[in-house]
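Okay, structure first, notes after.
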Amino acid sequence: MFYRGSDAREMGLKRQRVMDHGSSYFGASPGPSYMYNPPPPPAPPAYSYIGQPPPFPVVRLRGLPFDCTEADIAEFFHNLDVIDVLFVHKGGKFTGEAFSVLGYPLQVDFALQRNRQNIGRRYVEVFRSRKDEYYKAIANEVSDARGGSPRRAVPRARSFDEGKDLAEHTGFLRMRGLPFSASKEDIIDFFKDFVLSEEKISITATSDGRPTGEAYVEFGSPEDSRAAMSRDRMTLGSRYIELFPSSREELDEAISRGGLLPKSADGKDLTVPTGVLRMRGLPFSAGKDDIMEFFKDFVLSEDSIHVTFNFEGRPTGEAFVEFASPEDAKAALAKDRMTLGSRYIELFPSSLEELNESASRGR
């Protein structure tokens, strides 16, 4: 529990008080609430609570780092009153989601403005939520703790790490968060303290042949894969890598969903077969000059940038960029998930064929 300005004992009791005692969130209150004071007439806000109880001020967050703490959430919502943070677990493992209760309903709208901003290297989605969803999450936490209190003395994300430590090792690890430009040689270098060969590394792809950012690595023994977990959350290039105990069955399932990264004639991974990249998540107001500034370390012209539009002539939030060479395009992938304005941008290896197909779908 996190509550700015309160002592540790009050933090530990805050959620229980919210559950046990009514407040202006749940119905009419016999007296004024320190949590919420509705604006006096005749100047009510755009939406009015006159004649009805105010909504419960809770938001749901998704995509949190697995080492996220309550202090990180409070910093993410700086200048807002964070009353409670409830991390969501499933089977004892942190799901990357959380609920945050705020000081009063109007703060929900300010919290939603933080949608798709970053905590560390992860962008976080923020959604409007409801009281019953929050209470259901509390009940699930109590059940998951086998009757214990959902208020834990250690950060809740730690149970996720404990699950990794206790997981059975079969000699396989799954890597998540790889740069799309990562090759098998990069992965071998990441695990340079272990003996690996390219045949034991499987970089997975989507159904249309694009890298997923995940790979499976088969080590010489379960003991080696357990020891390699010490590299969890270390960086490869500019990206931090998450490691998970895995199995051959999980690898086979991942291959059945999409496949492996296509290979060139010499057997090397073909992450960027051409000098074309696709950008996704652009602000609708972004122009070619903004994209040239985003890739300011590369030589581009306006003719090499293709912003796509739908049939109504509106921007799709995507663009294709032709680089001078495949090597430049591969180097430019290092900017994957960096921001342009207030939006984080995803980059994907592409081709002239995909560019032409996208142009034919729009106008």
Side-chain angles (χ1 to χ4, degrees), residues 1-6 8-38 47-49 51-66 68-74 76-77 80-115 119 124-160 163:
M1 196 88 49
F2 189 96
Y3 183 65
R4 190 172 305 175
S6 62
R9 187 164 58 88
E10 184 177 359
M11 288 192 291
L13 297 174
K14 178 65 67 176
R15 182 183 301 146
Q16 196 61 45
R17 290 210 304 272
V18 171
M19 294 176 64
D20 291 346
H21 301 286
S23 76
S24 61
Y25 300 139
F26 313 112
S29 173
S33 169
Y34 76 97
M35 301 290 287
Y36 173 70
N37 293 309
Y47 48 89
S48 175
Y49 304 136
Q52 59 180 345
F56 187 79
V58 61
V59 294
R60 180 167 59 93
L61 300 95
R62 186 171 67 189
L64 295 167
F66 288 112
C68 186
T69 65
E70 293 173 350
D72 293 330
I73 302 295
F76 181 71
F77 288 132
L80 301 181
D81 300 315
V82 178
I83 302 300
D84 184 31
V85 175
L86 176 69
F87 292 101
V88 178
H89 295 76
K90 186 174 183 180
K93 297 182 178 180
F94 179 43
T95 64
E97 296 192 1
F99 289 86
S100 180
V101 179
L102 303 171
Y104 51 92
L106 187 60
Q107 289 193 344
V108 169
D109 296 294
F110 291 105
L112 294 174
Q113 295 177 12
R114 314 287 166 89
N115 184 41
I119 293 181
V124 177
E125 295 177 284
V126 183
F127 305 91
R128 195 181 299 273
S129 189
R130 303 191 310 270
K131 177 182 68 175
D132 60 318
E133 293 175 335
Y134 169 69
Y135 272 16
K136 182 178 179 181
I138 293 176
N140 289 339
E141 282 292 292
V142 174
S143 175
D144 195 49
R146 294 183 176 87
S149 170
R151 301 182 296 276
R152 298 173 183 146
V154 298
R156 296 182 184 90
R158 187 174 298 174
S159 66
F160 182 83

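Because the structure is predicted, anything quoted here is derived from the model rather than measured.
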Measuring only between side-chain heavy atoms, which start at C-beta, is [X] closer than 4.5 Å to [Y]?
X    : Y    : value
R114 : V124 : no
F77  : L61  : yes
V82  : F76  : no
I73  : F87  : yes
D132 : F56  : no

Crowding at CZ, F127 (>12 non-hydrogen neighbours, <6.0 Å):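 Above 12, so yes.
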Smallest separation among heavy atoms of P105 and P55, with atom names: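 Nearest heavy atoms, P105 then P55: CG-O, 3.2 Å.
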C68 to L64 - nearest heavy-atom pair and separation: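 Residues C68 and L64, closest heavy atoms: SG-CD2, 4.1 Å.
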Once rounded to the nearest 0.5 Å, what's the spacing between atom [atom1] of [X] and atom [atom2] of [Y]?
X    : Y    : atom1 : atom2 : answer
F99  : K131 : CZ    : NZ    : 14.5 Å
Q113 : L80  : CD    : CG    : 9.0 Å
Y134 : D84  : OH    : CG    : 3.5 Å
R128 : E133 : CZ    : CD    : 12.0 Å

Check: [Y] main-chain N/O paired with [X] side-chain donor or acceptor under 3.5 Å:
X    : Y    : result
N115 : L112 : no
Q107 : D81  : yes
T95  : K90  : no

Qualifying residue, where the test is side-chain contact (heavy atoms from CB on, under 4.5 Å) with V58 and the options are L102, V108, L86, V101: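 It is V101; the other options fail the test.
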